[in-house]
Amino acid sequence: MRVTGFLTAAAMSAGLASTAMAQGAPRQDPPPAQNATAAGSIGPQASRRAPRLIERTDFQIADGVVATVNDQIITGFDLRQRILLVVAMSEVQPTEEDLPQLQLEALEALIEDRLKTQEIARFPDLKVTDEEINAEIAAMAQEVRATPESYISLLGQAGILERTIRDQVRISIAWRRLVGGRFGSRSRVSTAQVDAAMRQVADAATKEQYLIGEIYLEAAQTQGGMQGAVNRAEQLIRQMLQGAPFQSVAQNFSDAPSAVRGGDAGWVIEGTLPAPLQEAMENLQPGDLSNPVVVDGGVYILYMRDKRQGSATQLVSLRQIMVELPESASPDQVAAAGARLTALQPQLTCDNMLTRATSEAGLLGSDLGEGDVQSIIPQFQDAARNAAPGSVVGPIRTQLGVHLVGVCGRRAGAAELPARQDIENRLQRQQLGMLERRYLRDLRADALIETK
């Protein structure tokens with residue numbers, strides 16, 4: 001069962017995905033000491049790397065029945081297959097110390113799958129075709145730049161049967177369809193909710209912002225409670241520092257709703273989080289992976305993907321006059337164009353630049369409008385940042401010619417805000433995710449589940 005953690009909820013409350021912070025599970029025992037410093041750097045490529053070939057792992061699990069879910073059994077063989085699949089997808093290399101928790105997590109996932117399968121069976125029209133399964137597997141293979149056949153072969157070398165993969169994909173497709181059909185209309189959000197979320201984004205735009213990846217381990221779902229969650233977080237951190245991609249680890253082990261997005265919590269706003277998380281983010285630089293951060297209910301691992309000051313964006317208004325010259329122009333031609341513009345420069349202002357350009361042969365003038373300094377071509381950026389407003393700077397050589405640039409205005413601007421439709425879509429996904437978790441919780445509460 002997944003719960004909404006503080007980070008995901010904070011991003012949502014800032015209008016990036018929702019308007020309310022959800023709560024984690026009640027605290028299991030007093031949180032141990034925590035370290036807000038970085039555990040190490042995994043670099044920006046860590047969330048995008050294609051899986052590597054792993055060695056086949058042997059697990060000593062008996063082949064008998066390990067659990068029953070209503071009238072369906074889960075065997076040791078099923079459990080072994082799920083563990084191998086988690087290892088392959090996450091790229092962790094489990095140690096003997098990791099195996100008990102890994103086995104528990106795999107069994108919980110299998111129980112959840114049995115509940116989903118039984119609920120799907122109640123709807124005879126909910127069919128998933130082989131073509132749909134093939135398309136999904138092809139998409140998975142494409143993500144790692146493989147053909148479907150080589151992808152299946154790769155997983156087979158890790159001991160995973162093709163039917164295990166196909167069964168997993170079939171359940172996933174059918175469950176998404178069931179949840180969407182059952183709760184799609186109830187997940188719609190009102191105009192007032194979207195308006196409120198957009199106001200929150202605008203209000204927060206001047207504060208420091210953090211682009212965060214998150215892994216949340218719920219203490220109630222971890223063997224050993226809070227201390228077990230801390231130990232598990234430390235194990236996962238070691239695996240990621242050794243090369244396991246953050247995105248894959250989050251997808252397979254995180255208890256936050258962002259797990260389906262590879263742990264992507266989006267842009268999180270300064271001051272919207274509990275103190276331990278805020279302190280951790282202040283001490284991380286882009287590329288850093290945090291040590292375990294303890295909060296009420298569980299433990300976080302944070303991956304700082306980027307930072308920005310909301311008000312740090314500089315917007316500058318530019319105009320230009322240029323003598324058009326190709327990159328192949330001779331030094332003499334470039335010097336002559338520069339001399340002509342230098343002679344003209346004292347007579348120019350932002351107000352008369354375009355008029356002068358149209359009145360003299362061989363000159364081109366244009367209003368470049370207002371834009372973020374970062375988006376301007378590199379040759380113009382120094383002038384855009386440092387020249388006094390109203391000044392005309394140059395000559396400046398580019399591949400298009402020789403230019404004089406008028407810096408006609410400069411102001412601080414807020415970071416680019418998400419579009420209204422993006423906010424509405426994210427609110428709907430969050431609402432649908434909440435309804436899905438409630439649906440699974442109710443199925444589990446009504447089920448007869450026995451573990452051996």
Side-chain angles (χ1 to χ4, degrees), residues 1-3 5 7 24-25 27-43 46-47 49 51-52 54-61 79-80 82-110 158 212-256 258-259 262-263 265 276-277 280 284 287-295 297-304:
M1 181 175 116
R2 301 194 183 281
V3 296
L7 263 180
R27 189 170 68 195
Q28 301 302 301
D29 43 55
Q34 57 207 35
N35 187 343
T37 60
S41 178
I42 56 177
S47 63
R49 200 187 64 170
R52 64 184 184 273
I54 65 168
E55 295 180 3
R56 182 166 176 168
T57 307
D58 291 324
F59 300 100
Q60 301 302 317
I61 299 174
L79 183 56
R80 176 183 165 80
R82 177 54 64 95
I83 292 173
L84 289 171
L85 190 61
V86 169
V87 169
M89 295 299 184
S90 66
E91 293 191 56
V92 301
Q93 294 289 352
T95 65
E96 187 174 347
E97 180 186 14
D98 299 335
L99 288 179
Q101 180 62 32
L102 184 59
Q103 183 170 329
L104 178 63
E105 291 165 348
L107 181 57
E108 287 297 310
L110 283 170
I212 293 296
E214 63 172 347
I215 294 172
Y216 177 66
L217 304 176
E218 186 185 4
Q221 297 294 321
T222 306
Q223 193 173 40
M226 185 66 80
Q227 187 58 56
V230 172
N231 295 342
R232 184 61 169 150
E234 291 173 343
Q235 293 167 358
L236 295 178
I237 289 168
R238 286 195 297 272
Q239 294 281 354
M240 287 184 283
L241 292 177
Q242 293 168 8
F246 182 93
Q247 185 181 52
S248 299
V249 174
Q251 286 173 336
N252 286 277
F253 297 108
S254 178
D255 291 316
S258 62
L277 293 172
L284 297 175
D288 282 352
L289 190 69
S290 77
N291 283 303
V293 181
V294 177
V295 298
V299 178
Y300 274 98
I301 304 168
L302 306 182
Y303 172 37
M304 181 63 68

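Bear in mind that the values here come from a model prediction, so they are computed numbers and not experimental data.
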How far apart are the C-alpha atoms of N231 and Q227, what are their side-chain angles, what is the distance that settles it, and do they pass the side-chain hydrogen bond (donor to acceptor under 3.5 Å, both in side chains) test? CA-CA 6 Å; N231 295 342; Q227 187 58 56; 3.0 Å; yes
Residues V249, I301; criterion side chain to side chain contact (heavy atoms under 4.5 Å, CB included); working and verdict: CA-CA 11 Å; V249 174; I301 304 168; over 6 Å; no
By side-chain hydrogen bond (donor to acceptor under 3.5 Å, both in side chains), which residues pair with Q103, not counting sequence neighbours? none
State, with a plain yes or no, whether a side-chain heavy atom of L102 is found less than 4.5 Å away from one of R232. yes
One should read off an interatomic distance between N252 CG and L236 CG, to the nearest 0.5 angstrom, of 10.0 Å
On a heavy-atom basis, the closest approach of A259 and A250 is CB-O, 3.4 Å
Which residues satisfy the side-chain contact (heavy atoms from CB on, under 4.5 Å) test with A106, sequence neighbours excluded? L79, R82, I83
Shortest non-hydrogen contact between I237 and P292, atoms and distance: CD1-CD, 3.5 Å
Exercise: identify the closest heavy-atom pair between I215 and S254: CA-OG, 3.7 Å
Of all the heavy-atom pairs spanning D255 and E218, show the shortest one and how long it is. OD2-N, 2.9 Å
Looking only at heavy atoms, the pair that brings Y300 and S290 closest together is O-OG, 4.4 Å
